[in-house]
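Heads up: the structure comes next, in C-alpha cells.
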Amino acid sequence: MKSVATLLAASLGMVGASGATEKPMSLEEAHSHIKENVASIQENYSSSQELCDKYTCCEMSATESCSLDSLPSTGSSLVLPGGETRCIFSYSTPFAFQVYRGSSDKLLFYFQGGGACWDEPSTNIGFCTTDSSPSGTSGVFDKSNDLNAYKDYTIVQVLYCSGDVHGGDTTRPYNDKDGVPVQQQGLANAQATLDWVKAQQSAGLLSSELSDLVVMGCSAGSIGAQLWYDQIVSALSFKDAAVVPDSYVGVFPPGAQGPLIEDFGFCKSGFLSPELTQQCVDGDVTLQAMNLEFMEKHHDIPVSFIQSKTDVVQISFYIAIGATTPNTTAAITPTEFYNGVNDIFELYNPQSNFVSYLVDGGQHCFTPSSVYYTADSMGPKDNGATSSEPMLYEYAGRYPLNEGDTTNSQCEGAMELGAKSLERDDNTYCDAALLPKTYTQQ
C-alpha cells in the first residue's frame, strides 16, 4: 500500500513518467476539446429578457419569494435570486437556478458543468460558460424516461456561469470586453440556491424530512458537488442521502491546485476546518484533502464517483492549466491520467463510504446526457452488450440507499496494481487496491 504522502503527491498531479510510447495531447488539441465542451452547454443571450422570453422565469424580490408551489408543475422554470449573485461578465445574463418540480420528499440538488476560467487567457479564449444556460430533458433530467430513478424527484440545478467551479468569490485584475472587471461569484450563486431550497423546506413545500436527497454534478459541477455537499447535507433535513460526482476526480498538474483554489477566493467560504483553511490561505490545500475531511465527517453518506478512465476533457484541462501555471508540467498521457485517477481513489478508498464506477474510454459527463442510459463499465455506448455488471443508470439510480442496502465499486478489466501499467500503454486495467469494495448503508 502506498503511503498517504505518496498518494497525495499523485493527487496533485505527480503521476510519473511512462516508459510507453503514448503521445500527450497537444495544447491546440486540448483547447479544441475544452471549447467544444463549453459550446455544448453555452447558450448566448443579449439580456435577461431574452433568456426569460425562452424560459419561464421568476425574479425574487422583497415581495416575490418564487415559492415552489408558484412555479409550473410541468417542465422547468428559472428562478433569478438577484442580490450578490451574478455571472462572470458585466454583460452576461443574471444568474439563475433551474427548478423541475416533482415529489416534495425527494430532492436532486445538481451542479451544472461548463469549463473553468482561472486567469485572463483562459477567460479571453472562452474556457467557461458565461451565461445562465438551462438544461433540457436528457439524462437525469428526463422525467419521461421510466429508466430514470430520478424522474419523480424535485430537481434544483445550480446553473453555471461564473467560471469558478462553483467556488469563487473574487474580482479579477482584468476586464471584460466592456472594460468592467471580471467577477466570479460562484459561492454566492450556489448559496442563494441552497437558501431558496431551505426556505421551501421551512415553508412545508418540501417535506420537513426529505426521504431522499442526492447531491450530483458533472464536470465543473462535479467539483461543485464535492465542494458543497457538506454544506447541503448540513443545511437540510433528510432520511437518506448520497453524493454522486460525475467526471471530475481532480488530477491536476503538480502544485497547481492550491494556488487555483486560493485565487478563486474559496478560502473565504468558511467551509473548511481551521487546519484546511490555513492550508488554503497558504496555497497548499487540495480537493482531495477537502473530500477526505467531508467523507470522514459524513461517514454514513456514500460518495460515489462516476469516472471515465481516460476522460478527454479532464486531460485537456490538465494540459491547459499546466500551460499557464509556472514551474509545472503541461504534458500527460491517457495512461498517466488513469494512473493518477487510481492514485486519488486509493487515497479515498480507506473511507468506508467511498465507492466508484469506472468506464472504459474518454467520455466526459454522463448524468446530464442520453449516454447515461447506454453507458456501462465497458464503454459509454456499450449498452450492456459486453458488460457483466449493472448499467450506469441502474448503478446511479440506486442512490440514496436505504438502511442495509449495499453498493459496490465497479470496474471491468484485468486486475492489477496501478503502478504496473506504467510499463506499457494500458488504460483499461482495474486497480486491485480498489476492488472489491462494498459499502453497506447504516
Side-chain angles (χ1 to χ4, degrees), residues 34 38 41-42 44-48 51 59-60 80-97 111-133 158-196 219-221 223-224 226-228 231 252 255-272 276-287 290 317 320-321 323-326:
I34 292 170
V38 169
I41 301 167
Q42 179 75 68
N44 295 301
Y45 302 96
S46 60
S47 66
S48 60
L51 174 66
E59 294 191 40
M60 294 180 66
L80 284 63
E84 295 182 359
T85 68
R86 61 164 289 154
C87 295
I88 188 170
F89 297 142
S90 61
Y91 45 83
S92 297
T93 66
F95 165 74
F97 57 88
F111 289 85
Q112 187 181 43
C117 293
W118 61 92
D119 58 14
E120 189 170 10
S122 61
T123 303
N124 290 339
I125 292 171
F127 280 178
C128 62
T129 52
T130 59
D131 286 333
S132 295
S133 300
V158 186
L159 297 181
Y160 182 55
C161 59
S162 54
D164 54 13
V165 298
H166 299 279
D169 180 11
T170 188
T171 299
R172 296 295 192 175
Y174 44 86
N175 298 335
D176 61 27
K177 67 181 182 181
D178 283 356
V180 179
V182 168
Q183 293 187 46
Q184 295 180 282
Q185 297 293 330
L187 283 170
N189 295 349
Q191 186 63 57
T193 308
L194 177 56
D195 288 345
W196 181 86
S219 191
I223 297 179
Q226 293 168 67
L227 295 178
W228 275 92
Q231 299 296 305
F252 285 92
Q257 282 200 68
L260 284 173
I261 294 168
E262 193 278 331
D263 205 37
F264 276 136
F266 183 74
C267 304
K268 296 178 283 185
S269 66
F271 290 7
L272 306 177
L276 287 190
T277 298
Q278 187 59 54
Q279 290 182 27
C280 192
V281 172
D282 293 340
D284 295 327
V285 79
T286 67
L287 181 63
M290 295 183 215
F317 270 106
I321 291 170
T324 62
T325 303

Under the ring-ring contact (aromatic ring centres under 6.0 Å, His included) rule, collect the residues that match up with [X], sequence neighbours excluded.
| X | value |
| --- | --- |
| F89 | Y91 |
| F266 | F271 |
| F264 | none |

Looking only at heavy atoms, what is the nearest atom pair of [X] and [Y], with distance?
| X | Y | answer |
| --- | --- | --- |
| A220 | G115 | CB-O, 3.4 Å |
| L287 | Q257 | N-OE1, 2.9 Å |
| M290 | L227 | SD-CD2, 3.6 Å |
| F97 | V158 | CB-CA, 4.3 Å |
| C128 | I88 | SG-CD1, 4.2 Å |

Please list, chain by chain and in numerical order, all residues satisfying side-chain hydrogen bond (donor to acceptor under 3.5 Å, both in side chains) with [X], sequence neighbours excluded.
| X | value |
| --- | --- |
| R86 | none |
| Q112 | none |
| S90 | D176 |
| D195 | Q191 |

Please round to the nearest 0.5 Å and tell me the distance separating atom [atom1] of [X] and atom [atom2] of [Y].
| X | Y | atom1 | atom2 | result |
| --- | --- | --- | --- | --- |
| S219 | I41 | OG | CD1 | 6.5 Å |
| T325 | L260 | OG1 | CG | 5.5 Å |
| W118 | I321 | CH2 | CD1 | 5.0 Å |
| N189 | Y160 | CG | OH | 10.5 Å |

What orientation do F111 and H166 show, parallel under 30°, tilted 30 to 60°, or perpendicular over 60°?
->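 Answer is perpendicular, since the angle exceeds 60°.
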For the pair F317 and F127, name the ring-plane relationship: parallel under 30°, tilted 30 to 60°, perpendicular over 60°.
->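 Answer is perpendicular, since the angle exceeds 60°.
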Run the side-chain contact (heavy atoms from CB on, under 4.5 Å) check on T193 and F95 step by step: do they pass?
-> CA-CA 10 Å; T193 308; F95 165 74; 3.6 Å; yes
Under the side chain to side chain contact (heavy atoms under 4.5 Å, CB included) test, which residues partner [X], sequence neighbours left out?
| X | answer |
| --- | --- |
| E84 | A188 |
| D119 | P121, S122, T324 |
| C280 | I261, C267, L272, V285 |
| A96 | L78, L80, S132, L159 |

Check: residues 178-187 side-chain donor-acceptor pairs under 3.5 Å, at least two apart:
unit_1: Q184; atom_1: OE1; unit_2: R172; atom_2: NE; d: 2.7
unit_1: Q184; atom_1: OE1; unit_2: R172; atom_2: NH2; d: 3.0
unit_1: Q184; atom_1: NE2; unit_2: C117; atom_2: O; d: 2.9
unit_1: Q184; atom_1: NE2; unit_2: S162; atom_2: O; d: 3.0
unit_1: Q184; atom_1: NE2; unit_2: G163; atom_2: O; d: 3.2

Could you tell me whether the side chain of T130 and the main chain of S92 form a donor-acceptor pair under 3.5 Å?
->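 Between the backbone of S92 and the side chain of T130 there is no qualifying donor-acceptor contact (under 3.5 Å).
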